[in-house]
Protein chains: 2
Amino acid sequence: MNFTERQIEIIDASKDLIGRKGIQNLTIKNLAEKMSFSEPALYRHFKDKTEILKSLLLFHREIIKSGIFKILNSNQSSLEKFQKILKFKFDHIKKNPAIVMIIFSETSFQYSSVLSSIVSKIMKQRSKKIIELLKEGQKNNEIRNDIDPEQLATIIMGGIRKTILNWKLEGFKSDLNLEGEKLWITIEKLIKK
Amino acid sequence: MNFTERQIEIIDASKDLIGRKGIQNLTIKNLAEKMSFSEPALYRHFKDKTEILKSLLLFHREIIKSGIFKILNSNQSSLEKFQKILKFKFDHIKKNPAIVMIIFSETSFQYSSVLSSIVSKIMKQRSKKIIELLKEGQKNNEIRNDIDPEQLATIIMGGIRKTILNWKLEGFKSDLNLEGEKLWITIEKLIKK
DNA sequence: ATAAAGTTAGTTAACACTAACTAACATATT
DNA sequence: AATATGTTAGTTAGTGTTAACTAACTTTAT
């Protein structure tokens, strides 16, 4: 996961293309055009297109992972941690709409298998973290004890995704951070003791 | 929305193709092969590919709509209605994995605008119905009054979608109806008074 | 006899990717 | 210091494949 400067430029350009018109807008032609060089030049920096997409995903996973890691290992109540994680996520998504496009595309093209396996892996890891945090909160008597943490995680993650999806379907016009705050208020009411 | 016999056969074949390998598996070539006729024969029944997809979506919307209508207008408590709706949805999805594939996909770019506008319209209508039902439940003192119905709807729909997505990512192996029941138990605990 | 439903044989356009080559620069050898 | 060798990052021109779709003709059913 050590990228050259040029590779990062290409990843950024890919992000931009996807963020504008979805993953189907990421073609070698468009990417080369955006980079202001010829199509074959891309292959000096990445083996193939899948490798570009993969790099884009892994690059972002690292950012989110370290952000969440910091929150989880901080000195706050579980509910506060939850709030911070939500805020962090919505913030990051707002700045990187490309991620939304990828996360909600899943199926796309021939590289779908590579992509969806990475996406589903990331989702599983996140789910695990949330379940741990819920259990911690239940131990600390902050969160209701009568509910299965796994189901709760499904609902919370589902709520986050749905909020993001609504934002996308409205053409990214609404204030995602505000929607995130509203979501948190509801979630907190539902889960706290 | 009056389809000929042959059109319905084509819609069914499309459903099958999508259900097996996702929306990218719905090509004119594959569809003609499945129908055991040549590719141009398709164009005797539908103007173009987008029209096929549109028909597929509208066809199903009707089924779900009338199913939910029956439940909403029945003589049950709001919570019971909720449970029935969830059951109905998971049942229908289980029988029609193609719908999942479409709902969770962002299609290639010619027909994406048509498709996503239909999908988002359907989602909005569903959301409206759920919000109404939540309000009804709050009036009847079945459902907690201290929570914004709109936010609650987002969380519930998100939970449903996430459950379905998990099922998809596990290769449709788990028992979706069972997962649906577990989800309902949690939702009920969270929202009831 | 006519209209509906099919056929064959194509078109056009987009796609990812490759072959062959080159200018500019970096490093090693004498 | 000058030459030889190698590398990086690009070029032009072109490949094969797949996609949706069409024109023109044929068969089938009423």
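Numbers restart at 1 for each chain; the letters A, B, ... are given by sequence-line order, proteins then strands. Keep in mind that what you see is a predicted model, and the values were worked out from it rather than measured. Atoms considered below: every heavy atom in the structure, side chains included; atoms not considered: hydrogens, waters and symmetry mates.
A:Asn166 and A:Lys162 are linked by a side-chain donor-acceptor pair at a separation below 3.5 angstrom, with hydrogens and angles left out of the test.
In this structure, the CD atom of A:Gln7 is 13 Å from the C1' atom of D:dT8, given to the nearest Å. Computed from coordinates, the A:Leu31 CG to C:dA16 P distance equals 10 Å when rounded to whole Å. The CG atom of A:Leu42 sits 14 Å away from the P atom of C:dC15 (whole-angstrom rounding). Between the CD1 atom of B:Ile10 and the P atom of C:dA5 there is a distance of 10 Å, rounded to whole Å. Residue B:Glu33 contributes atom CD, which lies 13 Å from atom P of D:dT18 at whole-angstrom precision. Across the protein-nucleic acid pair, B:Lys47 atom NZ and C:dA5 atom P stand 19 Å apart, rounded to whole Å. Between B:Ile28 atom CD1 and C:dT7 atom C1' the separation is 16 Å, expressed in whole Å. Taking atom CD1 on A:Ile52 and atom C1' on C:dC15, their separation rounds to 14 Å, with Å as the unit.
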Begin from the C-alpha positions of A:Phe37 and A:Arg6 and carry the test side-chain contact (heavy atoms from CB on, under 4.5 Å) through to its verdict. CA-CA 12 Å; A:Phe37 57 36; A:Arg6 208 65 167 143; 3.5 Å; yes

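A salt bridge does not link A:Glu132 with A:Lys129: every distance from a Lys NZ or Arg NE/NH1/NH2 to an Asp or Glu carboxylate oxygen is 4.0 Å or more. Salt bridge B:Arg20/B:Asp16: present, at least one basic N to carboxylate O contact under 4.0 Å.
Among residues two or more places apart in sequence or in another chain, the side-chain contact (heavy atoms from CB on, under 4.5 Å) test is passed with A:Glu33 by none. Applying the side-chain contact (heavy atoms from CB on, under 4.5 Å) criterion to A:Glu51, with sequence neighbours excluded, gives A:Phe46, A:Lys47, A:Asp48, A:Lys54.
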Protein-to-nucleotide contact annotation, 5' to 3' order, nucleotides 9-15 of chain D [B base; S sugar-phosphate only; - none; under 4.0 Å, heavy atom]: BBBBB--

